[in-house]
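Reminder, nothing fancy here: chain letters follow the sequence lines and each chain counts from 1.
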Number of protein chains: 2
Amino acid sequence: MKKTILIFAALIVAILSLFQLSKYSVLTGNTAIETVIAVIAIVFFIVGVIINKKVLHQQKDLNREIDHKKIADLGLSKREYQVLCEIASGLSNKEIADKLFVSESTIKTHVSNVLVKLDAKRRTQAIQIAKTLQIIPQ
Amino acid sequence: MKKTILIFAALIVAILSLFQLSKYSVLTGNTAIETVIAVIAIVFFIVGVIINKKVLHQQKDLNREIDHKKIADLGLSKREYQVLCEIASGLSNKEIADKLFVSESTIKTHVSNVLVKLDAKRRTQAIQIAKTLQIIPQ
DNA sequence: TTAGCACTCATACTAAAGTATGAATTGTAT
DNA sequence: ATACAATTCATACTTTAGTATGAGTGCTAA
């Protein structure tokens, strides 16, 4: 929030300077008015694009951001959440075990716990529920 | 595509008119240069926002649209695609069978075919691949 | 320090998923 | 008309997933 205010302040100062500069340049006859207008136009075009991108990006992030609070509320441990993510990427229990350097039986324990905590009957349902709860990337 | 070209053409004409108008206004002393610059700035700012929004919106649509051509390319039949979608929603073979009013063995056949056509080893991997190929909703 | 939690692993089991094969039916395009 | 693809179903099988239970280890907060 402070960052936003600072950026806007800097922007306003820059624009005012540009105005003064353009006025001076034109009055002293150093620069053609077309050039000044072109520069102003380009600058404001770019500013428009950037601001718009920032706003849309924030909205996008909100839609895609992982809800860490919900992960905690569900009581998912760090390891269980890791396993959930690997399930969602399509790995088998054995593959997850090899990736995390533990035994398959350990993964089975984690998977069972994840299913209980997400109230899912199957790993595919767990994926669906986790996406709905926005605790894994879409 | 034709629409885009028309819009851009109109935009260029409008901008050129604005330039001429501003030049004329300033030369005849009817308008202060600050006003002209302000108008130019506002117009280009708005144009920047609009163009940016359009581009991002198209990208968004592309990300969410289902690629029906790819479904056909993969050789997925209508029924196989239906089954794939139900898998992605987290249903078991039995549940899919009940939903589509066929036997579980029929669903197993479809699932096997889907796995071969998507080059997946498991249904969870099929979900992941289908999402990557954008043939099922995210 | 000890109670509790997270993590690990094993065994033994049941349930579900997936493969392979063969076959019947139906609509459709040549 | 017939060849073809899609859909359906069954049986028999292997593999993977998931459950239940018990237990050992290490870390941490009361």
Side-chain angles (χ1 to χ4, degrees), chain A residues 66-133 135-136, chain B residues 66-133 135-136:
Chain A
I66 288 166
D67 193 340
H68 295 284
K69 190 187 170 298
K70 204 161 276 173
I71 294 173
D73 288 349
L74 290 166
L76 281 175
S77 76
K78 196 176 171 182
R79 211 56 161 166
E80 286 161 356
Y81 179 69
Q82 277 185 319
V83 170
L84 173 59
C85 291
E86 300 300 345
I87 287 173
S89 75
L91 300 188
S92 70
N93 289 339
K94 186 76 191 70
E95 287 169 341
I96 299 172
D98 291 343
K99 190 167 180 180
L100 300 183
F101 303 109
V102 294
S103 78
E104 190 185 347
S105 109
T106 302
I107 301 301
K108 283 190 176 187
T109 306
H110 289 319
V111 171
S112 271
N113 292 333
V114 168
L115 294 183
V116 170
K117 290 175 183 177
L118 289 186
D119 194 27
K121 290 177 191 160
R122 284 163 295 281
R123 48 169 63 209
T124 49
Q125 198 183 359
I127 296 173
Q128 185 55 40
I129 291 170
K131 281 181 188 295
T132 306
L133 295 177
I135 59 177
I136 56 173
Chain B
I66 288 167
D67 194 339
H68 295 283
K69 191 187 169 300
K70 203 161 276 172
I71 296 172
D73 289 347
L74 290 166
L76 281 176
S77 75
K78 196 176 171 183
R79 211 53 161 167
E80 285 161 357
Y81 179 69
Q82 277 185 321
V83 170
L84 173 60
C85 291
E86 300 300 344
I87 287 174
S89 76
L91 300 189
S92 70
N93 288 339
K94 187 77 192 67
E95 287 169 341
I96 300 172
D98 291 343
K99 191 167 179 180
L100 300 184
F101 303 109
V102 293
S103 79
E104 189 184 348
S105 109
T106 301
I107 301 300
K108 283 191 177 186
T109 305
H110 289 321
V111 172
S112 271
N113 291 334
V114 168
L115 294 183
V116 170
K117 290 176 183 177
L118 288 187
D119 194 28
K121 290 176 192 160
R122 283 165 295 283
R123 50 169 61 210
T124 50
Q125 198 182 0
I127 295 173
Q128 187 54 40
I129 291 172
K131 281 181 189 295
T132 306
L133 295 177
I135 59 178
I136 57 173

Phosphate OP1/OP2 of D:dT19: any A:Ser112 side-chain N/O under 4.0 Å: yes
Distance (rounded to the nearest 0.5 Å) between B:Ile136 CD1 and B:Asp67 CG: 13.0 Å
Student check: side-chain heavy atoms of A:Asp98 and A:Glu104 closer than 4.5 Å: no
Salt-bridge present (B:Arg122, A:Glu95; N to O < 4.0 Å): yes
B:Ser103 side chain to B:Thr106 side chain, donor-acceptor N/O pair below 3.5 angstrom: yes
Along DNA chain D (nearest heavy atom to each residue), the more 5'-positioned of A:Thr124 and B:Thr109: B:Thr109
Inter-residue atom distance A:Leu84.CG - A:Ile127.CD1, 0.5 Å rounding: 8.0 Å
From CA spacing to verdict: side chain to side chain contact (heavy atoms under 4.5 Å, CB included), A:Val111, A:Ile96: CA-CA 11 Å; A:Val111 171; A:Ile96 299 172; 5.5 Å; no
Under 3.5 Å donor-acceptor, B:Gln125 side chain and B:Lys121 backbone: yes
Residue whose closest nucleotide on DNA chain C lies nearer the 5' end, B:Leu115 versus A:Lys117: A:Lys117
Rounded distance in Å - NZ (B:Lys121) to C1' (C:dG18): 14 Å
Euclidean distance, atom CG of residue A:Leu118 to atom P of D:dG18 [Å, nearest integer]: 12 Å
Length of the CD-P vector between B:Gln125 and C:dA17, whole Å: 17 Å
DNA chain C contacts made by residues 74-108 of chain A, counting heavy atoms under 4.0 Å: A:Ser77, A:Lys78, A:Arg79, A:Val102, A:Ser103, A:Ser105, A:Thr106
Exam field: side chain A:Tyr81 to backbone A:Val114, donor-acceptor pair closer than 3.5 Å: no
Rounded (10°) bend between the five-pair end axes of the helix from C:dT1-D:dA30 to C:dT30-D:dA1: 40°
Phosphate-side-chain proximity, B:His110 and D:dT8, N/O vs OP1/OP2 below 4.0 Å: yes
Side chain to side chain, A:Gln82 and A:Lys99, heavy atoms closer than 4.5 Å: no
A:Arg123 side chain near D:dG18 phosphate (N/O to OP1/OP2, under 4.0 Å): yes
